[in-house]
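Heads up, the thing below is written out as structure tokens.
Start at 1 with the first residue, then count along the sequence.
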Amino acid sequence: MYSYFDFNASTLSKIGPLSMFERKIDRERDIDEKLLLQEPNNCFSVYMYCSNLERLINQFNTNTHFRSDLVRFIESDRHQFLKKLAAVWSADEYLSSVINYIEKIKKELNIEPVDHLNRTRHMVLINTINKALEEVNYDYNLLRPTQGWAAGSKSYGMVLANNYEVVILINNIAQFLEESLRPGAILFFTVPISLEQIEIMFDRFKPIRVIYCHAGKVVHNIDPFQFFHKQVIGIVQSAEMLKKITPSDNDTLAIMNLIIHDMDNLDEKFNEYRNEYRLKIGLRDFKSRYIYDKLMNLHKQVMSLHFVSWQNKNEIALKLSRLADYFNSISETLTAASTINETISSGIRNIISNKMLYCISNKILFNENNITASLYTWMKASLTPKKLMVIQEEYVANGRTDISIHAGENRVCVIECKLVKANSEASSIYKKVYEGVFQLYSKYSDSVLQSIIFPPDLYFILFCHDPNFKKIKENIAMALDKIGNEHSRLSVTHLNDYRYEIREGGGIFPDKVIYINLIIAPLRVDVKEDEKHGKYLK
């Protein structure tokens, strides 16, 4: 259950009254005074927290409608400070009783643990809608949005809208393609859809997100540039409105006409920039700088206007400024993301060139997790920290990734590392490659952002102690062939070097496509072995 949106109020209304915990107000005030004595700048209050909790419990018990305030409060994790206090003051029975009560309420309300990395407004909205649809077996007619949301049935599904978002639920793609929409909606498909069809949706309707289900999981496919189309239309409409209310002001008319003309041109520039990134032509700093400077120049011209409604003027100026800042942020993120591949390569070169990072002695290597930690440290230090976050041993599905990389709310890359020791049997190498590649596909690929802008590239690094390259390459080929042969819906294609495409589903419309980059990292303690086995060429 999520607190931001409750599309099935009946779920909460069926829950009976909750038990009330026994408050000890004097004890709460004593704890607060003790906190202030120890930490004068402390902003937490046990008394205030318990008062709010009591109020919301009473509200929940006396009103069967719109009960999500209590869920929101508990789900916010504000009680974490109580756990920290209880850990320090372990003998305090009252703190322990309050914490136990909160955990009990969580179970009664079915409040799930919060994934803070993915807890954005859009992510919570989509997850909540999906849970509500599951409860009614995807029958839109049984969906009951709460106050603030309007619902309308369509031939292709349903439209949900409030003051901020438009969510379109689609169960008939053919009917939907006959529609015309304003940019900026969220498209939620409850019927199978291919990746090619998703790209058509982005190009034609310019949604900010496309959501669909694959293998029982909700997949978010986004294109950050679609936000610009929505903002461009909003700015142009505001300029047209200002022209109507100030028809005699020549300066205002001139600048509004300039905004309308320039925003149309910038809309094309956004598309060019997006397509260049998709086609890997290379990011051009001068083009991104041109777009940013053009928006800020329009912002300054609007702010310099006189004798015009300040409210309308400020509205346009604010939209221009926000669009410039958002574009700059996206541009910096994409530039940072484009360095992931080179950062991985340079990190591996750093490790294999320094025996101290992987070798205790000429015969003894560090463990696999130690070598992975060296790569993690390199990437964490090398990638732009404000744009890309590197995480080690992150819980995903029913496993833990060796290294994950996040761009904002989205996981954009997963790296799996394996260690092949010297003189390993062919069967051992074969097994490591098979398990590593299949693990990336089956466990982690669904958690990586499926996006037109961020291709789903995953990395499998095989650290090899004094490798026999011929044996390793043969077993890599055999393991990948086995994946394709054993799983009828999967096809594995060798693209170039050690980059492979895995497609799920047949025909020209696959259900899923990912790319796995396999890198052999030789850990040499005797360089003469290169002459015996042949130097490794990427």
Side-chain angles (χ1 to χ4, degrees), residues 4-5 120-122 125 145 147-152 159-168 179-187 202 204-209 222-274 287-333 408:
Y4 284 45
F5 311 92
T120 63
R121 186 176 178 84
H122 280 153
L125 168 61
Q147 189 176 22
W149 286 85
V159 176
L160 297 168
N162 65 5
N163 292 331
Y164 307 101
E165 309 291 352
V166 175
V167 182
I168 302 176
E179 298 293 317
S180 59
L181 301 174
R182 287 185 58 182
I186 297 173
L187 305 185
F202 274 118
R204 179 169 176 181
F205 298 111
K206 296 180 172 53
I208 56 176
R209 286 176 186 263
I222 74 168
D223 182 344
F225 282 93
Q226 302 302 343
F227 174 83
F228 299 123
H229 301 292
K230 180 180 180 180
Q231 295 303 305
V232 165
I233 288 179
I235 291 170
V236 169
Q237 288 178 336
S238 296
E240 293 282 7
M241 180 62 67
L242 196 54
K243 283 174 60 179
K244 291 180 181 179
I245 64 176
T246 56
S248 59
D249 190 328
N250 292 331
D251 288 342
T252 300
L253 291 176
I255 291 179
M256 293 306 106
N257 286 330
L258 178 65
I259 286 176
I260 294 168
H261 177 267
D262 284 354
M263 292 311 296
D264 286 338
N265 289 337
L266 285 177
D267 203 29
E268 292 299 319
K269 293 293 182 185
F270 291 145
N271 279 329
E272 289 178 15
Y273 190 91
R274 166 182 176 265
K287 185 166 288 187
S288 59
R289 178 52 53 185
Y290 168 81
I291 294 173
Y292 178 78
D293 289 344
K294 173 66 73 173
L295 289 168
M296 291 308 297
N297 184 52
L298 291 174
H299 169 262
K300 290 176 183 176
Q301 291 191 60
V302 172
M303 291 302 294
S304 66
L305 285 172
H306 299 287
F307 309 111
V308 69
S309 169
W310 65 269
Q311 185 174 355
N312 297 93
K313 180 181 78 172
N314 286 352
E315 179 187 349
I316 296 175
L318 183 61
K319 287 181 178 179
L320 287 165
S321 177
R322 285 179 175 173
L323 184 56
D325 290 341
Y326 184 79
F327 175 79
N328 191 52
S329 175
I330 289 295
S331 178
E332 289 178 354
T333 299

Within 6.0 angstrom of Arg182 CZ, more than 12 heavy atoms from elsewhere: no
Taking only residues two or more places apart in sequence, or in another chain, which ones meet Glu332 in a salt bridge (Lys or Arg N to Asp or Glu O under 4.0 Å)? Lys387
With Met241 via side-chain contact (heavy atoms from CB on, under 4.5 Å) - residues at least two apart: none
Residues that Asp293 engages under side-chain contact (heavy atoms from CB on, under 4.5 Å), provided they are two or more places apart: Arg289
Can a donor-acceptor pair be found, under 3.5 Å and without considering hydrogens, that links the side chain of Ser331 to the backbone of Phe327? no
List the residues meeting side-chain contact (heavy atoms from CB on, under 4.5 Å) with Asp264, not counting sequence neighbours, and say none if there are none. Ile260
Pairing residues for Tyr326 by the ring-ring contact (aromatic ring centres under 6.0 Å, His included) criterion, not counting sequence neighbours: Phe227, Phe228
Between Phe270 and Val232, is any pair of side-chain heavy atoms under 4.5 Å apart? yes
Salt bridge (charged side-chain N to carboxylate O under 4.0 Å, His left out) for Glu315 and Lys319? Distances and angles first, verdict last. CA-CA 6 Å; Glu315 179 187 349; Lys319 287 181 178 179; 3.3 Å; yes
Leu298 pairs by side-chain contact (heavy atoms from CB on, under 4.5 Å) with which of Ile316, Leu323, Ile259? Ile259
Using side-chain heavy atoms (C-beta onward) and a distance below 4.5 Å, is Pro183 in contact with Phe205? no
Taking Leu305's backbone N and O only, do any of them form a donor-acceptor pair with Lys313's side chain (distance below 3.5 Å, no angle check)? yes
Salt bridge (Lys or Arg N to Asp or Glu O under 4.0 Å) partners of Lys230, counting only residues at least two apart: none
Within the distance-only criterion (no hydrogens, no angle test), does the side chain of Ser329 pair as donor or acceptor with the backbone N or O of Asp325 below 3.5 angstrom? no
Checking Asp267 now: which residues fulfil salt bridge (Lys or Arg N to Asp or Glu O under 4.0 Å) with it, not counting sequence neighbours? none
Evaluate Leu181 against Ile168 for side chain to side chain contact (heavy atoms under 4.5 Å, CB included), listing each step before the verdict. CA-CA 10 Å; Leu181 301 174; Ile168 302 176; 3.6 Å; yes
Once side-chain hydrogen bond (donor to acceptor under 3.5 Å, both in side chains) is applied, do any residues pair with Asn257, and if so which ones, sequence neighbours excluded? Lys243
By salt bridge (Lys or Arg N to Asp or Glu O under 4.0 Å) - contacts of Lys294 (at least two apart): Asp262
side-chain contact (heavy atoms from CB on, under 4.5 Å) against Ala254, all qualifying residues, sequence neighbours excluded: none
Counting C-beta onward and ignoring hydrogens, is there a side-chain heavy-atom pair between Met263 and Leu320 closer than 4.5 Å? yes
